[in-house]
Q: 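Here it is: the structure, laid out below.
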Amino acid sequence: MLPHQQIESALQAAVRAVLPDADAAAVLVRPCDPKFGDYQSNALMALAKARKLNPRQLATDVLARLDLAAVCEKVEIAGAGFLNFRLSSCLLTQTLAAAARGEHLFFDQAAQPKTVVIDFSSPNVAKPMHVGHIRSTGIGDALQRTLRLLGHRVISDNHIGDWGTQFGYILVVWKDFQKNAPAALQRHLESDPIGTMGAFYKYGRVAGQINDYEDLEGSDWVQSTPEVQDQLARAELVKLQAGDPENTAIWKEMIRLSQVQFEAIYARLGVKFDFALGESFYNPWLGEVVADLLTRGIARESEGAVGVFSDGSVPPKEDVFLVNRDGEWIPDPALVRKSDGGFNYMATDLATLDYRLKTWKPDEIVYVVDDRQAGHFKKLFLTFARWQPDAAKQVKLVHVGFGKIMGDDGKPFKTRSGDTVKLGDLLAEAEERAFKIVSEKSSELPEAQRKEIARVIGLGAVKYADLLPNRQSDYIFSWDKMLALLGNTAPYLQYAYARIKSIFRKAEAQSAIRNPQSAIALAAPEELALAKHLLNFGLTLEAVAEELRPNYLCNYLFELAVHFSRFFENCPVLKADDAPTRASRLALCDLTARVLKQGLDTLGIEVVEQM
RNA sequence: GCAUCCGUAGCUCAAUUGGAUAGAGCGUUUGACUUCGGAUCAAAAUGUUGCAGGUUCAAGUCCUGCCGGAUGCACCA
């Protein structure tokens, strides 16, 4: 058990002894400002308040029952009733020595592993993946890696948008090309399948957005009015939904072409999914879901559509099924079936939820989706709770929302020409920019190696910049900032790692290879600060898993790199005064490198030995 | 109009969900043995946390009202 856990469990035991009826599990310990101690707890003040006790007296009583002689040098009461713990230096070195022997890396497997379904990335068929997808993909991947590292059972599922109204528009233009200009269709699909399908969609909705207008000279589509075009698109969609063989074949081809793109991007990003069950997978169940909702009286018909309405269980202000229009509360239902008989994504999401619960029996389902859909998820979760109350009690449903990526001008990030930035282009540019910098700084390295370093640094910079801000806020995208190579960036962390590796290359040359059994001796303040920070790795991972916020880990790793840099500056390793000090410092370097590597890996970021 | 989220240093962002004197980075100023990798480190300056009240041992965080911004408001996902 790691020191902070020993402190926590001893403290909880003492609280139980003093206040048998208190919820001792809520008494937590966390790292604190070094001037107070290594760890602190403020939970006693809350307990005292709830019981109208004197907080300092309660702290004194708890302290009297607290046996931490083996763990802490000092435990004291401070301020209004804080408990401050100073770690025993002996235990600190023992913990580091155990880590050096490979017994742990400052984190434990979860005592009670959970089963968690994570739904993230969710690109759309026939559309290019754009900058926005880096957020869901990066955050989702970091979360699945964190939970897996802590021993939880994770099922990652890419809920691909392979069904929906957009296919009507694409189908109608696709078929129009097929009929009037088959050679042009072939040419477009071969040169840029995703761009072509995207253009078909846009063209279907906004005429004139495709360059090869002349390819369709004389077609029915082009000569039709917008209203007629909409009707044509809807007709194609209905045929697809009814299983029309021709439309189904084209639709399958669209999925195939899109998957080539998705797989290329995921391979590049190093992201893996356990499943990729797209929306269409759930089609067979949609009718049953809606019928069941109707039978149970949860949904009803309205204006030809089927929707779930307010059940009046909460005041109008808190009711997501109501909306205020000009001072009047009117229904804002969750529609599950459109008036044309088609199903929408609320029906699909309900069927998906049902399927996931029955198939994987998760404790938790996490949706990593844009904050703009917060309202949708509220309705989804509430509707599900009404539909399957017992099942809903068994699972925690969480919408992990995130903000937008903005440009320098404070508006959504676009290219100079005003288009959305494609994810592939963004990654390519990151690697190119990194290559220029690497070539400048390390011109002595062979080109192939510089390319590989640039790949790792460029991708790392993009991912880290996206994970660092609190996910709920919008953030401003800046090439210069993310590739700055100093400050709180991925390259700075990768640099710290590369410096440590350089020490070991030299150490090996000096045949001063580290001995995993060597004793750890911490004397300098920089050594102590680094060592204590290493101990907090597990704490941080748990916080990420609990709050579903990878930025905690980013900040932890940045601080680790800062602590290491200070240590490196002040404490000679290879040139240490004596052999034991050198061995101890080598061990500290090695542990830092291992935590940096593991931590970055948990964020989906690679490291290089040299850069 | 109604709801949700947000407003923190010149700029970009944190703040472990109510904890101790609100912290980083960039930028600015100054300094560090031709360096175990200077892509580094150290030091300095910058704040009425949008405004005004309230709750309590303690508020950037919770409540109320304003001001400003983003997003969403039945048949797109």
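When reading the values below, keep in mind they use all heavy atoms of this one structure, side chains included, and skip hydrogens, waters and symmetry mates. The sequence lines fix the lettering, A, B, ..., with proteins before strands; numbering per chain opens at 1.
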Q: Is it the case that the side chain of R30(A) and the backbone of Q40(A) share a donor-acceptor pair, with hydrogens and angles ignored and the cut-off at 3.5 Å?
A: no
Q: Quick check for you: to the nearest 0.5 Å, what is the distance between L574(A) atom CG and C589(A) atom SG?
A: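 Between atom CG of L574(A) and atom SG of C589(A) there are 8.0 Å.
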Q: So, D349(A) versus Y282(A): side-chain donor-acceptor pair below 3.5 Å or not?
A: no
Q: Taking a pair as Watson-Crick or G-U wobble with both distances under 3.5 Å, which nucleotide is matched to C66(B)?
A: G50(B)
Q: Please name the nucleotide paired to G18(B) by Watson-Crick or G-U wobble geometry with both distances under 3.5 Å, or report none.
A: none
Q: Looking for any heavy atom pair under 4.0 Å, which part of the strands does S565(A) touch: base, sugar-phosphate only, or nothing?
A: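 Here S565(A) touches the backbone only, sparing every base.
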Q: Categorize A576(A) for me: base, sugar-phosphate, or nothing, with a 4.0 angstrom heavy-atom threshold over every strand shown.
A: nothing
Q: Closer than 3.5 angstrom, by distance alone: can the side chain of Y367(A) be matched with the main-chain N or O of V400(A) as a donor-acceptor pair?
A: no
Q: Taking atom types as modelled, is there a side-chain donor on H533(A) or Y556(A) under 3.5 Å from an acceptor on the other?
A: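 There is no such pair between these side chains.
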Q: Considering every strand shown, what is the Watson-Crick or G-U wobble mate of A3(B) when both distances are under 3.5 Å?
A: U71(B)
Q: Search all heavy atoms of F343(A) against all heavy atoms of V336(A) and return the closest pair with its distance.
A: CD2-O, 3.7 Å
Q: So A305(A), base contact, sugar-phosphate only, or nothing? Heavy-atom distance under 4.0 Å.
A: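 Result for A305(A) = base.
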Q: Ring of Y345(A) versus six-membered ring of C76(B): centres under 5.5 Å and planes under 30°?
A: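 No.
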Q: Look at K506(A) and C36(B) and indicate whether a side-chain polar atom (N or O) is within less than 4.0 Å of OP1 or OP2.
A: no
Q: Where each residue is assigned the nucleotide of RNA chain B containing its nearest heavy atom, which of N344(A) and Q610(A) is assigned the position nearer the 5′ end?
A: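 Its nearest nucleotide being more 5', the pick is Q610(A).
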Q: I'd like to know whether Y39(A) forms a side-chain hydrogen bond (donor to acceptor under 3.5 Å, both in side chains) with N84(A), so could you lay out the CA-CA distance, the side-chain angles of the two residues, the decisive distance to 0.1 Å, and finally the verdict.
A: CA-CA 6 Å; Y39(A) 299 96; N84(A) 293 333; over 6 Å; no
Q: If only side-chain N and O atoms of K317(A) are considered, is one of them under 4.0 Å from the OP1 or OP2 phosphate oxygen of A3(B)?
A: yes
Q: With a 4.0 Å cut-off on heavy atoms, is C571(A) in touch with a base, just the backbone sugar-phosphate, or nothing at all?
A: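 Result for C571(A) = base.
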Q: C1' atom, U61(B) versus G50(B): distance in rounded Å?
A: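 My reading of the C1' atoms in U61(B) and G50(B) gives 16 Å.
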Q: Under 4.0 Å between a side-chain N or O of T165(A) and OP1 or OP2 of C76(B)?
A: no
Q: Can you check the distance between C76(B) and A9(B), where both ends of the measurement are the P atom (answer in whole Å)?
A: 43 Å
Q: Using the glycosidic torsion, which applies to U49(B): syn (within 90° of 0) or anti (everything else)?
A: anti
Q: If you measure from the C1' atom in C41(B) to the same atom in G60(B), how many Å do you get, rounded?
A: 32 Å
Q: With the threshold set at 4.0 Å, does a side-chain nitrogen-carboxylate oxygen contact exist between R455(A) and E606(A)?
A: yes
Q: One character per nucleotide, please: for nucleotides 10-23 of chain B, 5' to 3', B when the base has a protein heavy atom closer than 4.0 Å, S when only the sugar-phosphate does, - otherwise.
A: --SSSSSB-BBB--
Q: Taking the P atom of each, how far is U64(B) from G18(B), in whole Å?
A: 16 Å
Q: Hey, does F564(A) reach any base, or is it just sugar-phosphate, or nothing, if we go heavy atoms under 4.0 Å?
A: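 Contact class for F564(A): none.
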Q: In whole angstrom, give me the gap between the C1' atoms of C66(B) and U21(B).
A: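 The same atom, C1', in both gives a distance of 31 Å.
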Q: Say you pick atom P in A3(B) and the same atom in A43(B); how far apart are they, in whole Å?
A: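 After rounding to an integer number of Å, I get 49 Å for this pair.
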Q: With both distances kept under 3.5 Å, what pairs with C41(B), Watson-Crick or G-U wobble?
A: G31(B)
Q: Which nucleotide, if any, forms a Watson-Crick or G-U wobble pair with C26(B), using both distances under 3.5 Å?
A: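 Base partner found: G10(B).
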Q: Nearest 0.5 Å, please: how far is CE in M45(A) from CG in N42(A)?
A: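 It is 5.0 Å, given to the nearest 0.5 Å.
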Q: Under 4.0 angstrom, heavy atoms only, what part of the nucleic acid is T348(A) near: base, sugar-phosphate, or nothing?
A: nothing
Q: Could you tell me whether E526(A) contacts a base, only the sugar-phosphate backbone, or nothing, with contacts defined as non-hydrogen atoms closer than 4.0 Å?
A: nothing
Q: Report the residue (G342(A) or F558(A)) whose heavy-atom-nearest nucleotide on RNA chain B is the more 5′ of the two.
A: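 In this pair, the answer is F558(A).
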Q: Between N283(A) and S280(A), do the side chains contain an N or O donor and an N or O acceptor separated by less than 3.5 Å?
A: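 Not at all, the side chains of N283(A) and S280(A) share no donor-acceptor pair under 3.5 Å.
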Q: Can you see if the side chain of R566(A) gets near the phosphate of A42(B) - specifically, an N or O under 4.0 Å from OP1 or OP2?
A: yes
Q: Can you tell me how far C1' in U28(B) sits from the matching atom in C11(B), rounded to whole Å?
A: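 Taking atom C1' in both U28(B) and C11(B), they lie 12 Å apart.
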Q: Quantified in whole Å, what is the C1' atom distance between nucleotide U8(B) and nucleotide A22(B)?
A: 8 Å
Q: Output one line per pair: protein atom, nucleotide atom from nucleotides 7-9 of chain B, and distance, for all N/O pairs under 3.5 Å.
A:
none

